[in-house]
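Numbering of residues begins at 1 and proceeds along the displayed sequence. Bear in mind that the values here come from a model prediction, so they are computed numbers and not experimental data.
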Amino acid sequence: MLKSAYDNRQFNHIKLANGLRILLVQDPNCMKSACSITFNVGHFDDDKDCHGISHLLEHMLFLGNLNYPRPNEFNDFVSTHGGCINALTGTEYTSYFYDIACEYEQQALVHLRAMFNKPLFNPALIEKEINAIDSEFLLKLKDDLRRLYQVHKETCNPNHPFSQFSVGNKDTFAPFSCDQLQQKLQRLFHGFYQPQNACLCLVSQHDLSITEGYIRELFSDWSGNCKLTRDAQPALYLTSNLGVQINILPLQKAKRMILTFALPQQRSHYRSKPLSVLSHILGDEGEGGLLHFYKAQDWATNLSAGGGVEGSTFKDFNINLQLTDKGIAQSDAVITALFSYIQLIKDNGIEPWRIKETATLNQLMWDFPDRAKAIDEANHFSQVMFEYPIHHLVAGDHILDKPDVGIVLQMLDFFCPENMRIKAVNPSVNVNQTAKWYQTPYSVESISTQRMQRFLSGQWRSSFMLPKANQFLPTCKTSQPIDKHYVLPKKIICENGLDFWYGQDNKFKQPKGDCFLTFDCPAINEGVQLTTAKRLWVALLNEKLNQKYYQANLAGMHFHFYPHQGGFSLQTNGFSANQLEFCTNLLTKIVIHEDFSNSFSQVKAKQYQGLSNAVLNKPINRLFATLAVIMQQQNQASSDMIQIMENLTLDDVESTKIKLLNQFHLEGMMYGDWSQEDANQVSVDIKAFRKRHEPAQKIHRGVADIRHDKAISFEVECQHKDPAVVVYFQAPDASLKNVALTILAEQLLATPFFNQLRTEQQLGYLVGSGYIPYNQHPGIGFYIQSPQHSAEYLIDAIHLFLQQIAENIHQFTHIWEPLKKGVIKQLMEKDTNLSMKSQRLWMAIGNQDTQFSYNARMTQTIEEIDFSALKSYLFALVSRQGFGEVILYSATSSQTLLRFPTHVITSIQDFKSSIQYI
């Protein structure tokens with residue numbers, strides 16, 4: 001099996017006599033075992049008269065089988081032992097995946113095997129799970145992506161299964177009794193959930209021979225009971241579905257145009273990757289490219305090339321544009337310019353060096369990836385086993401060893417008006433139809449022959465030039481020798497207003513690294529006006545830098561310039577060669593005067609649109625965003641920034657930058673494949689930069705002190721009709737013990753909270769809890785979004801649950817020790833990649849954990865906590881002894897009456913000006 005020379009994992013592919021294909025991965029760096037099984041069945045296999053039945057089947061398989069009849073028993077086992085579990089029903093695949101502490105690997109596999117051995121399909125639970133699926137459907141009613149997707153389905157070939165309603169809801173299941181649905185589930189299960197139709201991947205620390213032994217023992221007796229049958233798929237689009245414009249009215253303030261070209265399947269071209277080559281050319285953001293031209297014309301602010309729906313027999317290629325108002329008015333000119341650029345590509349041909357450059361970039365990303373979590377790797381491999389031959393299971397996504405100019409040009413021939421679908425998504429479109437299920441207003445019109453001819457007769461060709469060779473491709477040198485003194489970062493500069501840390505990675509040994517520079521600026525305390533102007537300044541500078549360094553990003557050298565509570569930060573990461581010079585150049589760009597006049601209106605409009613759309617988010621998202629604003633002193637609400645953003649001028653931006661840079665505290669870290677000599681050189685540059693500005697102290701990131709007699713409540717206005725609540729408890733203090741108790745309490749409560757309020761009581765699809773610290777102060781939150789119940793009902797349900805749990809806490813004594821072990825495992829979990837390690841070390845510095853011992857101290861604290869301490873903690877939480885409580889809710893009624901007295905916030909700004917901060 002082909003793998004990168006730098007990949008230290010071991011792989012073994014086996015095929016059992018029953019047809020089950022298995023990929024075993026031995027990964028010495030994974031802290032948890034992870035497993036995924038994928039079946040070649042999905043929405044495309046739904047019964048014609050019962051859309052969503054595959055989705056219902058996925059849900060039902062968690063709700064009991066012959067060996068483990070109790071609903072969600074597998075979920076409970078995984079969550080109790082330091083892991084997580086999920087499933088996904090796609091168009092052609094359905095996957096079940098989880099991770100778990102390594103010592104429970106075998107037991108989890110026993111549960112997984114049982115899941116596909118005589119599921120019960122209890123009729124009473126079928127009805128409950130239909131309610132859960134209906135809640136999931138209702139949750140997405142105002143999701144513009146889902147609404148757009150449904151229009152796509154309605155405007156393709158009605159005989160293709162893609163056109164079917166994939167999610168399902170009460171209406172699609174209503175014609176059938178629970179007994180009839182049980183029969184449908186059984187038929188679908190027995191028809192497709194067979195070993196010869198499945199691929200399994202296990203990622204583990206254990207030796208391959210050991211994992212093969214118990215995998216064979218567990219899965220060899222799984223027998224297939226019938227031959228798989230599946231009708232051939234028709235074409236995704238009829239002739240009448242192409243050469244059309246589809247106008248779609250969005251809910252949010254979107255101004256998009258998506259140009260879709262219908263292509264044949266691409267899986268057979270995985271070693272040539274023609275669309276990757278075309279994506280690089282069409283999506284180039286540098287000077288002379290499409291996006292540069294569109295911005296200069298004030299037609300578009302963003303472009304992406306290459307996405308689109310895909311299956312075993314079809315592939316869409318999308319060019320997705322964020323348009324300006326002028327771009328909407330000139331939409332035909334936007335399309336004409338695209339075809340001028342495509343003609344330029346055809347006239348120039350595809351130079352072989354372009355394919356070679358794509359291959360080089362792919363190889364770099366394969367050799368030196370930011371490795372994903374084991375659960376994501378397992379899920380990925382279990383799916384691609386259906387798509388790549390055994391020899392290329394690991395290499396398939398990256399390999400480009402059969403360059404073929406002819407295939408690239410052959411694919412480019414599909415980029416013509418007759419084969420195009422224009423999706424115009426903006427508030428001014430004319431519509432005359434309503435899509436089923438999501439009620440999306442839309443219309444479809446054929447593109448006339450004359451209009452198609454105009455698209456091809458543009459005179460823009462001379463305005464373009466094709467991308468030049470990438471000058472940022474790194475030369476991957478030998479890794480620097482490791483000095484053990486710097487394996488953990490050490491502070492190498494400690495001056496007034498400046499702290500700088502340096503460390504060397506000794507684990508991943510890649511030619512990569514991360515640099516962090518954070519600016520704490522006293523000016524930030526001026527409030528929402530300056531915060532809004534700072535946001536715009538950062539966006540304007542990013543616009544400049546993204547264009548200038550687009551090829552650097554492609555070549556694996558990235559930068560992130562972003563605002564935060566105390567000021568702003570600059571981070572670079574990726575290949576270490578030339579990165580330090582890259583970082584110091586960016587540092588200079590922050591200070592120098594930039595002329596933003598050309599991009600100002602575009603960027604400001606985009607920021608205004610983003611703030612406006614944030615207010616339209618689904619209720620749960622709005623509630624958590626509001627909670628963060630209430631709890632954090634320097635955090636500002638989107639609703640408060642909208643009007644300010646609209647009125648900002650260029651002078652406001654320049655004066656804000658001057659204020660921010662007039663006085664600041666600078667802290668930084670470089671960590672990765674750099675020598676001490678490299679660190680010393682960077683130190684000289686950073687010291688020189690620091691001396692040109694006034695120093696300051698770090699900004700205190702205050703947390704609202706809500707530990708009072710009354711709970712605090714606030715109603716958040718939402719566009720979505722579903723009531724939703726978030727109940728947040730602030731712990732008495734930020735001691736190690738209270739942090740540990742808060743984490744343990746949330747872990748203990750998460751599973752019963754989900755089971756009782758979602759599975760049993762069916763209060764909604766979005767039901768959950770989370771450990772939520774604000775600026776290191778611990779807290780725990782519970783949330784529900786419900787299409788059926790009022791906000792008062794949901795708040796009462798959360799409080800009643802907590803009260804009952806506290807009174808019956810003894811029922812959890814048997815899982816206490818495994819729970820503690822699971823939390824400790826998560827704390828001690830190894831970093832998956834160098835960037836994750838660098839980020840963890842940088843966060844530790846920000847949290848004043850300069851000995852990098854927090855996790856070790858937290859582990860010891862957890863080990864010392866006994867069950868009685870947790871019991872006391874929960875009783876104190878329920879009775880609010882020393883705890884603070886915030887209740888946020890959105891409601892459909894004009895007045896929500898809470899059944900107990902609270903301190904009602906009428907103005908968040910007034911509240912923040914009067915509250916004390918910890």
Side-chain angles (χ1 to χ4, degrees), residues 495-500 516-545 560-571 586-596 600 603-604 607-608 610-611 628-668 686-704 774-775 846 908-918:
E495 297 180 354
N496 186 21
L498 174 62
D499 297 294
F500 193 74
F516 302 86
L517 291 166
T518 190
F519 293 73
D520 270 19
C521 311
I524 202 66
N525 291 316
E526 289 188 19
V528 64
Q529 174 80 26
L530 188 131
T531 298
T532 309
K534 178 187 68 172
R535 176 184 173 124
L536 181 54
W537 168 59
V538 168
L540 286 162
L541 189 53
N542 269 321
E543 179 79 6
K544 286 256 182 186
L545 297 176
H560 311 274
F561 182 49
Y562 56 94
H564 56 67
Q565 290 178 58
F568 59 92
S569 285
L570 170 67
Q571 178 190 356
L586 289 169
L587 194 58
T588 304
K589 290 285 185 182
I590 291 172
V591 179
I592 63 172
H593 176 74
E594 289 279 3
D595 181 5
F596 295 130
F600 182 75
V603 174
K604 189 173 89 164
Q607 289 299 307
Y608 179 83
L611 290 168
V629 172
I630 288 173
M631 295 302 298
Q632 294 175 302
Q633 185 174 6
Q634 287 96 359
N635 204 340
Q636 306 292 342
S638 297
S639 54
D640 292 331
M641 290 193 279
I642 291 173
Q643 193 63 48
I644 295 171
M645 181 66 73
E646 187 174 29
N647 296 321
L648 287 175
T649 65
L650 267 173
D651 288 342
D652 293 327
V653 171
E654 183 61 24
S655 65
T656 295
K657 185 190 87 167
I658 292 169
K659 285 180 182 179
L660 290 168
L661 293 173
N662 182 54
Q663 190 180 23
F664 59 82
H665 181 277
L666 179 61
E667 186 160 36
I686 290 176
K687 282 180 181 180
F689 173 84
R690 163 71 279 177
K691 286 178 181 177
R692 291 194 290 270
H693 307 273
E694 287 296 316
Q697 299 299 310
K698 288 185 179 181
I699 298 296
H700 173 66
R701 287 152 169 79
V703 180
Y774 284 113
N775 300 345
I908 291 180
Q909 288 294 342
D910 290 346
F911 170 81
K912 294 186 76 163
S913 64
S914 62
I915 195 73
Q916 296 295 310
Y917 287 92
I918 304 171

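Here the closest heavy-atom approach between residue D652 and residue A533 is recorded as O-CB, 4.4 Å. Nearest heavy-atom pair, E694 versus N662, reported as atom, atom and distance to 0.1 Å: CB-O, 3.2 Å.
In summary, K687 and E495 engage in a salt bridge, as defined by a charged side-chain N under 4.0 Å from a carboxylate O.
Screening V538, L536, T531, I524 for a side chain to side chain contact (heavy atoms under 4.5 Å, CB included) involving P563 leaves a single residue, V538. Results of the ring pair (Phe, Tyr, Trp, His ring centres under 6.0 Å) test with F568 over Y562, F664, F561 single out F561 as the only residue that passes.
In this structure, K912 contributes its side chain and Q632 its backbone to a donor-acceptor pair below 3.5 Å. Between the K604 side chain and the L650 main chain, no donor and acceptor come within less than 3.5 Å of each other. Formation of a donor-acceptor pair under 3.5 Å by the K534 side chain with backbone atoms of G567 is found in this model.
For the pair H665/T518, no side-chain contact is recorded, criterion being any heavy-atom separation below 4.5 Å from C-beta on. Looking at heavy atoms from C-beta onward, N496 lies in side-chain contact with Q697 at the 4.5 angstrom threshold.
Taken from NZ in K544 to CZ in F596, the straight-line distance is 7.0 Å, to the nearest 0.5 Å.
Using modelled atom types and a 3.5 Å distance limit, the side chains of S913 and D910 yield no donor-acceptor pair.
Shown here are the side-chain hydrogen bond (donor to acceptor under 3.5 Å, both in side chains) partners of Q565, two or more places apart in sequence or in another chain: N775.
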Per-pair distances, 0.1 Å, donor-acceptor, side chain in residues 639-646, under 3.5 Å, sequence neighbours excluded:
unit_1: D640; atom_1: OD2; unit_2: Q909; atom_2: NE2; d: 3.1
unit_1: Q643; atom_1: NE2; unit_2: E646; atom_2: OE1; d: 3.1

